[in-house]
Number of protein chains: 2
Amino acid sequence: MGGVREEKKRQTKKAILDAAITLFGTRGYAETSIEQLAKAAGIGKGTIYSYFQTKSEIFLAFCEEELEFLHTEIGQQADTKKPLLETLVDIFMANFQYVTRNRDFGRVYLRELIFPTELTVKRSKEMDDRFIMFFIPFFEEAQKRGELRRDLELLFAIGHFYSLYILTLSGWYSGRLLEEEDVLMFLRMLFKQALSGLAPVPSPSQQLPISHEN
Amino acid sequence: MGGVREEKKRQTKKAILDAAITLFGTRGYAETSIEQLAKAAGIGKGTIYSYFQTKSEIFLAFCEEELEFLHTEIGQQADTKKPLLETLVDIFMANFQYVTRNRDFGRVYLRELIFPTELTVKRSKEMDDRFIMFFIPFFEEAQKRGELRRDLELLFAIGHFYSLYILTLSGWYSGRLLEEEDVLMFLRMLFKQALSGLAPVPSPSQQLPISHEN
DNA sequence: TACAAAAAATGACTGCGGTCAACTTTTCAC
DNA sequence: GTGAAAAGTTGACCGCAGTCATTTTTTGTA
């Protein structure tokens with residue numbers, strides 16, 4: 001029979017991931033060694049490296065599962081009909097709370113996600129893409145409702161807010177934003193700024209045709 | 001005499017930094033070990049750790065010097081009278097070119113700067129602050145010229161652009177932006193978006209008082 | 001079933017970042 | 001000048017991420 005090997009590999013990978021969920025979850029990232037993971041998964045240390053290239057890749061896989069769960073949860077609660085600003089603030093704040101639940105986890109995750117190495121680009125880009133795609137329906141609806149300009153590439157608009165979210169996270173990690181309340185206010189303020197624009201509102205004569213929304 | 005000890009310490013610190021400039025510069029960050037740095041500086045390995053807390057802190061100190069030089073250079077060329085958009089694109093692109101001159105250097109630097117650990121927050125915040133302060137005159141002038149809304153907290157406006165710059169860097173490291181030309185276009189597009197706003201231009205009746213600029 | 005080739009697992013090993021108890025140098029009160 | 005306390009230096013040492021030559025398991029073929 002042919003599928004035996006594949007099946008075993010699947011099981012082993014699952015065992016590693018389960019071990020990661022347990023050990024990363026209880027002890028933390030830095031405090032969990034590859035050898036401990038291997039032991040918990042019932043395999044040798046070297047074997048881990050035929051399933052993952054680096055420790056941080058295991059961590060990303062771990063995060064992937066957790067975030068998938070979070071996103072389906074958020075996705076169910078969120079309403080594409082609500083005003084975009086509020087929706088975005090809600091979603092990003094939920095993410096923020098999740099990501100920074102454990103300070104070290106969040107740092108490792110963000111470093112790897114935002115500035116990946118050659119070994120983790122693929123995985124981190126996938127996660128990033130999924131995160132971005134998640135927003136599309138909300139932006140499409142907002143655009144239909146006239147809350148967003150119609151001449152925008154949706155992905156750039158999403159990227160714009162995403163970028164402000166990253167800045168906020170940076171503010172958290174650099175100690176500029178200490179309380180969750182600060183984070184919320186900072187994020188909302190930046191989002192409003194993004195919507196209304198940093199330049200003065202042009203006088204009517206300067207307005208582009210696109211601005212004549214119904 | 002009292003100043004002998006202080007003087008010696010200054011020299012040692014300088015020796016470490018010089019060693020860092022040489023070795024990081026020629027071999028690279030990951031390829032340079034603390035022991036090599038110590039040897040090059042003519043001191044023992046342990047001594048390094050009474051001057052810096054981590055390897056990445058040495059790296060930040062190294063970057064600090066380099067960037068200071070870069071910023072004075074940019075500062076001399078830049079003109080506060082030019083349109084804000086062009087100035088910003090120029091400055092950020094110069095930074096981009098510098099930071100990503102060496103892919104690994106840039107990654108380590110950015111990870112530490114944007115998502116610092118407890119051990120490097122202080123230093124990275126200082127660098128961040130200096131970077132932000134650098135922009136103030138340009139924004140003040142732009143505001144006077146009416147290129148920026150007057151009701152904006154300058155720091156938030158700067159942060160806004162800074163955030164888009166970080167996103168661009170992330171795009172570079174995740175392989176979304178491959179050529180420098182892509183980076184330039186992406187950055188300019190985001191900056192324009194930030195200035196004009198993501199929401200449709202409000203109809204005149206909805207305009208806020210602040211929009212009646214002379 | 002027998003067996004060789006391919007795939008997978010393994011843990012001893014390497015090199016590194018960071019620590020620390022022992023040691024050396026500097027300071028300063030007398 | 002003396003001696004003891006404070007400050008500074010050091011490299012052996014620790015634990016860990018990641019490697020790789022060797023061993024074990026699986027597969028396909030006859």
Side-chain angles (χ1 to χ4, degrees), chain A residues 1-17 19-20 23-24 27-62 104-105 107-109 111-112 116-120 123, chain B residues 1-17 19-20 23-24 27-62 104-105 107-109 111-112 116-120 123:
Chain A
M1 48 194 149
V4 169
R5 186 172 267 170
E6 287 306 310
E7 174 58 22
K8 254 196 164 179
K9 280 176 75 175
R10 258 201 41 248
Q11 280 181 1
T12 304
K13 190 158 196 173
K14 176 89 165 48
I16 297 172
L17 230 47
L23 292 181
F24 284 160
R27 303 194 188 290
Y29 178 75
E31 294 73 21
T32 301
S33 71
I34 296 285
E35 217 155 349
Q36 287 172 330
L37 281 177
K39 192 154 281 178
I43 58 175
K45 178 177 178 179
T47 308
I48 296 241
Y49 285 93
S50 54
Y51 290 86
F52 298 94
Q53 289 185 277
T54 61
K55 191 185 178 187
S56 48
E57 198 190 343
I58 304 175
F59 187 67
L60 277 190
F62 159 78
D104 292 334
F105 275 13
R107 192 187 299 107
V108 177
Y109 168 71
R111 284 181 170 197
E112 214 61 51
T117 64
E118 264 69 33
L119 293 173
T120 44
R123 200 172 212 108
Chain B
M1 44 191 152
V4 170
R5 186 172 269 171
E6 287 305 311
E7 175 57 22
K8 256 196 164 178
K9 281 175 75 176
R10 258 200 42 249
Q11 281 182 0
T12 304
K13 191 158 196 172
K14 176 89 165 49
I16 296 173
L17 230 47
L23 292 181
F24 284 159
R27 302 192 189 290
Y29 178 75
E31 294 73 21
T32 302
S33 71
I34 297 285
E35 217 155 352
Q36 286 172 330
L37 281 177
K39 192 153 281 178
I43 58 176
K45 178 178 177 177
T47 309
I48 296 240
Y49 286 94
S50 55
Y51 290 86
F52 297 93
Q53 289 186 276
T54 61
K55 191 186 178 188
S56 47
E57 197 190 345
I58 304 176
F59 186 67
L60 277 190
F62 159 78
D104 291 334
F105 275 14
R107 191 186 302 108
V108 177
Y109 168 69
R111 284 181 170 196
E112 214 61 51
T117 64
E118 263 71 33
L119 293 172
T120 44
R123 200 172 212 110

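Note on naming: letters A, B, ... go to the chains in the order of the sequence lines (proteins, then strands), and numbering restarts at 1 for each one.
Remark: the backbone N or O of B/Ile58 is not paired with any side-chain donor or acceptor of B/Tyr51 at under 3.5 angstrom. Counting only distance, with no hydrogens or angles, the side chain of A/Thr54 and the backbone of A/Glu57 share a donor-acceptor pair below 3.5 Å.
Note that CD of A/Gln53 is 8.5 Å distant from OG1 of A/Thr117, once rounded to the nearest 0.5 Å. Between atom CZ of residue B/Arg10 and atom OG1 of residue B/Thr12 there is a gap of 10.5 Å, rounded to the nearest 0.5 Å.
With pairs defined as Watson-Crick or G-U wobble and both atom distances under 3.5 Å, the stems of at least three pairs that touch DNA chain C come out as C:1-30 with D:1-30.
Residue contacts shown for A/Thr32 are limited to sugar-phosphate atoms, with no base heavy atom under 4.0 Å away.
In this structure, A/Phe24 atom CZ and D/dC16 atom C1' are separated by 13 Å, rounded to whole Å. Remark: C1' of D/dG15 and CZ of A/Arg27 are 15 Å apart, rounded to the nearest angstrom. As rounded to whole Å, 11 Å separates atom P of D/dC16 from atom NZ of A/Lys39. For A/Ile58 and D/dG18, the CD1 to C1' distance is 11 Å, given to the nearest whole Å. Between B/Glu57 atom CD and C/dG18 atom C1' the separation is 13 Å, expressed in whole Å. Atom CZ of A/Phe52 and atom C1' of D/dT19 are 18 Å apart (whole Å). Atom CG in A/Leu37 sits about 12 Å away from atom P in D/dG18, given to the nearest Å. Atom-to-atom, CD1 of A/Ile34 to P of D/dC20 comes out at 16 Å; the value is rounded to the nearest Å.
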Can you check nucleotides 9-11 of chain D for protein contacts, nitrogen or oxygen pairs under 3.5 Å, and list what you find?
| from | atom 1 | to | atom 2 | distance (Å) |
| --- | --- | --- | --- | --- |
| D/dT9 | OP1 | B/Tyr51 | OH | 3.4 |
| D/dT9 | OP2 | B/Tyr51 | OH | 3.2 |
| D/dT10 | OP2 | B/Gly44 | N | 2.8 |
| D/dT10 | OP2 | B/Thr47 | OG1 | 2.7 |
| D/dG11 | N7 | B/Gly46 | N | 3.3 |

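A/Gln11 CD: more than 12 foreign heavy atoms inside a 6.0 Å radius.
At least one side-chain heavy atom of A/Phe24 sits under 4.5 Å from a side-chain heavy atom of A/Phe105.
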